[in-house]
Amino acid sequence: MLDATHDLETQSWVASANAPDCDFPIQNLPFGRFRRSPAEPWQIGVAIGDQVLDLHAAGLIDHFDMHRLMAMPVAARRALRKTLWEGLKAGSALQPLWQAALLPQNTVELGLPCEVGDYTDFYTGIHHATTVGKLFRPDNPLLPNYKWVPIGYHGRASSIGTSGHSVRRPCGQTLKPGAEIPALTATQRLDYELELAIWVGQGNALGEPVPLDEAEDHVWGVSLLNDWSARDFQAWEYQPLGPFLAKNFATTTSPWVVSLDALAPFRAPFTRPEGDPQPLPYLDGAHNRAAGAFDVVLEVWLQTPAMAAAGHAGHLLSSSNFLDAYWTLAQLVTHHTVNGCNLRPGDVLGTGTLSGPAPEQGGSMLELSAGGKQPISLPNGETRTFLQDGDTVILKAHAQRAGARRIGLGECRGTIVPARTLATLD
Ligand code: MN
């Protein structure tokens with residue numbers, strides 16, 4: 001699975017890509033969309049160092065349709081990766097030509113990687129599911145289906161936004177403790193969820209399930225995803241049909257989609273804890289067992305307004321790893337389509353909150369504050385149980401291993417702005 005594009009020693013003629021802590025070295029080459037001004041249509045680019053390579057200007061594509069790119073067969077995707085690597089590596093004869101197609105990332109607007117047709121959110125973080133289950137159902141935290149079926153729900157694609165946008169504190173129904181009648185209120189329990197987004201590449205026809213050994217061929221890549229959540233709305237509305245207004249007001253994704261090819265050096269075996277059931281045969285296979293998981297370090301940072309005013313970039317709230325997910329991304333694709341449901345290029349599958357096994361590895365504030373009962377202490381003396389107006393949540397991720405070049409997923413950033421006044425809703 002590894003080829004020349006993963007070579008640790010290869011450097012780029014784009015100098016910023018060679019910094020050891022750069023998320024986008026020549027071994028990464030993630031895809032995204034950008035524009036020079038709001039009047040311009042979205043263009044397709046590849047991140048290299050602190051620059052973006054305009055694929056159309058570089059003569060690599062003759063269209064601006066990301067879905068068309070995502071629908072490419074795997075062999076064509078790998079060929080494009082190889083072409084990009086050849087052209088961007090130090091000493092390439094293409095440097096003079098491609099230099100003119102480079103733009104500093106900080107001079108362009110980065111958009112959603114593509115228009116998202118459908119968005120599904122899974123629940124693969126078993127540590128998250130157990131901790132949150134205890135809060136909602138102390139006697140029965142993990143429901144009996146959890147270890148057999150990848151749990152998910154259909155989310156809302158229209159409210160997915162890109163890193164850097166503002167998230168308005170939502171209003172909705174809550175039932176206050178001890179109250180008999182619910183009220184309409186701005187959420188008092190606004191939370192983030194640390195997730196990865198799986199971006200569907202090639203689709204499947206309606207009625208045609210994707211077998212597990214072909215599932216990864218349908219994945220274009222992954223990005224960070226923040227599934228913003230209003231916990232007070234969620235507790236009141238979630239039974240019997242699951243999340244609704246507690247989740248659909250905003251979802252944020254990072255702008256760069258990192259391919260499974262770039263993540264190849266960071267594969268790991270898929271294993272189940274001792275005593276847990278093995279997946280049903282349609283979710284089991286030799287490749288998935290040997291290399292279906294990915295070693296990706298995930299982080300949540302919080303920057304409060306006070307930190308921003310003091311010039312602090314933020315505080316690391318928690319860290320976890322994609323290895324702790326209960327299902328692999330291939331299993332999510334196969335399960336999603338086993339009934340014949342058709343996935344289309346650009347669909348997003350959220351992994352669910354990726355918490356680690358330790359209490360301090362919770363991927364949401366609900367977990368870190370024990371349901372709001374234990375305030376989280378920040379180094380500057382502030383505390384939080386849930387998010388306050390002006391808070392900025394920053395998700396980051398990277399993969400690092402001996403013998404491989406470190407790559408990153410960039411940032412997924414969102415800032416809370418105050419709710420609309422309730423008067424306008426009454
Ligand atoms: Mn979620």
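In listed order, ligands and their atoms are each counted from 1.
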* **Any residue meeting side-chain hydrogen bond (donor to acceptor under 3.5 Å, both in side chains) with Glu382, in chain and number order, not counting sequence neighbours** => Thr304, Asn380
* Are the charged groups of Arg231 and Asp191 less than 4.0 angstrom apart, N to O? -> yes
* Asked: When you look at Asn18 and Ser12, which way does the side chain to side chain contact (heavy atoms under 4.5 Å, CB included) test go after all the steps?
  -> CA-CA 7 Å; Asn18 302 324; Ser12 174; 4.0 Å; yes
* Structure fact -> side-chain hydrogen bond (donor to acceptor under 3.5 Å, both in side chains) filter on Ser229, not counting sequence neighbours, yields Lys247
* Near the Mn ion (ligand 1), meaning under 2.8 Å, how many protein N/O/S atoms are there? -> 4
* Asked: So, are Glu299 and Lys396 salt-bridged, with charged N and O less than 4.0 Å apart?
  -> no
* Looking at residues at least two apart in the chain, or sitting in another chain, which of them share a side-chain hydrogen bond (donor to acceptor under 3.5 Å, both in side chains) with Asp50? -> Ser16
